[in-house]
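In what follows, residues are counted from 1 in the order of the sequence shown.
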Amino acid sequence: MAEPAPWTCPTCKTGVLTPFCPLCGEEPLKPIDLTLRGIAEKLSHAFTSIDARVLRTARRLLLYPGDLTLAWTEGRRKPYVAPFQLFLVANVIFFFLQSLTGINVFSSSLHSHLHQQDWSELAQALLSNRLEVTRTSIDTYTPIFDRAVVLNAKSLIVLMTVPFSALLPLIFFRKGKPLMLHIVFSLHLYTFLLLVFCLALLAAKACEWSGLGGLDTPVVDNVLSVANLAACALYLYASIGRVYGAKGGVRVLQAVILALAVGVIALGYRFALFLITLYGI
Ligand SMILES: [Zn+2]
């Protein structure tokens, strides 16, 4: 970059010799910046650089498991989207695909909670108690619950990263890593998982169209669940080697334990959504 002429930062009122003000990041105003064309150029630059950053980050996340977590904890942050923002982007894509395919992964309907889950008996007991207390009939209550559970599933998905972040320091207690690294590792893992779920949604829809049956068909559900869990275990195996320096047979064991924990947490999340929705409305 060519050395710019000295200029005075309009915000800090100090003389500046670099292309951007070192104090506030302001850049010298050019005549074009006050025209519509200048604004359009700035806007298109902002959008393309966001796209480029998201794509670069997604590539890192998918092709080099663990690398993004290391980059963040080592301070190489500028080229990538920050962990929480990245998680939100994946969340938006996931929920967009859910409404597009009409398949719900976490937000099971009241009917499903009452008849298809492992906790159905408990759910029935809790519900009849709740209906008595609120003096509502199940017919009025069902549509209210089903609307609320979809909203809750969207806003609370980040909750699943909390127990997982708490598990990591227990599994890797000898490594003495800072808490923030565990949290970022969880966010990156769950971002990856949301993208895997997106693929699973598309696969489930394809099965439905080809006549094999959708997610409510046990074979399709089981095959996709096992595929998700396997993808999760492989990704964990790769990334714990990179981030925690896990090695050998212990590394396999750690990856399996963590993948199973992801499965248990997902089930727990579904049940927690039932409770939160039941007592929240
Ligand atoms: Zn300044």
Side-chain angles (χ1 to χ4, degrees), residues 1-102 105 150-151 153-158 161 180-181 183-202 205 235 238-239 242-243:
M1 202 182 269
E3 192 94 339
W7 54 288
T8 304
C9 171
T11 304
C12 313
K13 313 274 187 265
T14 51
V16 179
L17 290 166
T18 47
F20 295 92
C21 170
L23 296 176
C24 70
E26 202 85 72
E27 56 180 323
L29 197 65
K30 293 182 286 294
I32 194 179
D33 292 336
L34 293 176
T35 64
L36 267 182
R37 210 185 116 214
I39 292 173
E41 273 177 17
K42 278 258 174 329
L43 255 173
S44 91
H45 177 77
F47 277 115
T48 47
S49 71
I50 290 175
D51 283 353
R53 239 154 68 101
V54 170
L55 289 179
R56 188 188 304 130
T57 314
R59 237 179 84 85
R60 271 281 132 193
L61 180 82
L62 296 175
L63 300 182
Y64 307 91
D67 227 32
L68 216 49
T69 311
L70 273 190
W72 196 86
T73 43
E74 288 169 3
R76 287 180 283 127
R77 298 182 184 182
K78 272 282 169 193
Y80 306 113
V81 179
F84 192 64
Q85 277 89 323
L86 186 68
F87 175 82
L88 289 183
V89 172
N91 211 5
V92 168
I93 299 173
F94 174 62
F95 278 98
F96 173 74
L97 272 181
Q98 278 203 135
S99 54
L100 202 69
T101 53
V105 175
V150 171
L151 282 180
K154 266 185 213 183
S155 45
L156 300 175
I157 209 157
V158 71
T161 66
M180 211 49 209
L181 178 131
I183 294 174
V184 171
F185 184 91
S186 299
L187 282 170
H188 284 147
L189 176 75
Y190 274 91
T191 306
F192 168 78
L193 288 176
L194 283 175
L195 297 178
V196 170
F197 288 154
C198 288
L199 275 186
L201 282 177
L202 294 176
K205 202 65 192 169
Y235 192 84
S239 50
R242 190 98 181 79
V243 175

Verdict with reasoning, I93 to C198, per side chain to side chain contact (heavy atoms under 4.5 Å, CB included)
CA-CA 8 Å; I93 299 173; C198 288; 4.0 Å; yes
Is there a side chain to side chain contact (heavy atoms under 4.5 Å, CB included) between L61 and Y80? Walk through the geometry before answering.
CA-CA 10 Å; L61 180 82; Y80 306 113; over 6 Å; no
Pair N91-L194, side chain to side chain contact (heavy atoms under 4.5 Å, CB included): steps then yes or no:
CA-CA 7 Å; N91 211 5; L194 283 175; 4.2 Å; yes
Let me see the working for F84 and V158 under side chain to side chain contact (heavy atoms under 4.5 Å, CB included), right down to the final yes or no.
CA-CA 9 Å; F84 192 64; V158 71; 3.7 Å; yes
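The 12-atom threshold is not exceeded at CG of L36, counting heavy atoms of other residues, nucleotides or ligands nearer than 6.0 Å. Residue-environment remark: CZ (R59) stays at or below the threshold of 12 foreign heavy atoms within 6.0 Å.
The shortest side-chain heavy-atom distance between L23 and C9 does not fall under the 4.5 Å cut-off. No side-chain heavy atom of P22 sits less than 4.5 Å from a side-chain heavy atom of F20. Looking only at side-chain heavy atoms (C-beta outward), R242 and P65 stay at 4.5 Å or farther from each other. With contacts defined as side-chain heavy-atom distances shorter than 4.5 Å, the pair L97/K205 does not qualify. Y235 is not listed as a side-chain neighbour of V196, based on a closest heavy-atom distance of 4.5 Å or more. Here the side chains of V243 and T73 are not in contact, with every heavy-atom distance at 4.5 Å or above. Two residues are said to be in side-chain contact when any heavy atoms from C-beta on lie closer than 4.5 Å; P19 and E27 fail this criterion.
Separating the CD1 atom in I32 from the OG1 atom in T35 is a distance of 5.0 Å, to the nearest 0.5 Å. For the atom pair L189 CG and F87 CZ, the distance stands at 10.5 Å (nearest 0.5 Å). Rounding to the nearest 0.5 Å places CG of D67 at 12.5 Å from CG of L62. A distance of 8.5 Å separates CD of Q85 from CZ of R53, quoted to the nearest 0.5 Å. Distance check: I39 CD1 to S44 OG gives 12.5 Å after rounding to the nearest 0.5 Å. The NE2 atom of H188 sits 12.0 Å away from atom OG1 of T161, with the distance rounded to the nearest 0.5 Å.
For the pair E41 and K30, the salt-bridge criterion is not met [side-chain N within less than 4.0 Å of a carboxylate O].
Checked by atom type and distance alone, the side chain of W7 pairs as donor or acceptor with a backbone atom of T18 at under 3.5 Å. Although no hydrogens or angles enter the test, the distance criterion places no donor-acceptor pair under 3.5 Å between the side chain of E26 and the main chain of P10. Side-chain atoms of T57 come within 3.5 Å of backbone N or O of V81 as a donor-acceptor pair.
Annotation for F95 and A153: closest pair CZ-O, 3.4 Å, computed over non-hydrogen atoms. Of all non-hydrogen atoms in D33 and P28, the two that sit nearest each other are OD2-O, 4.1 Å.
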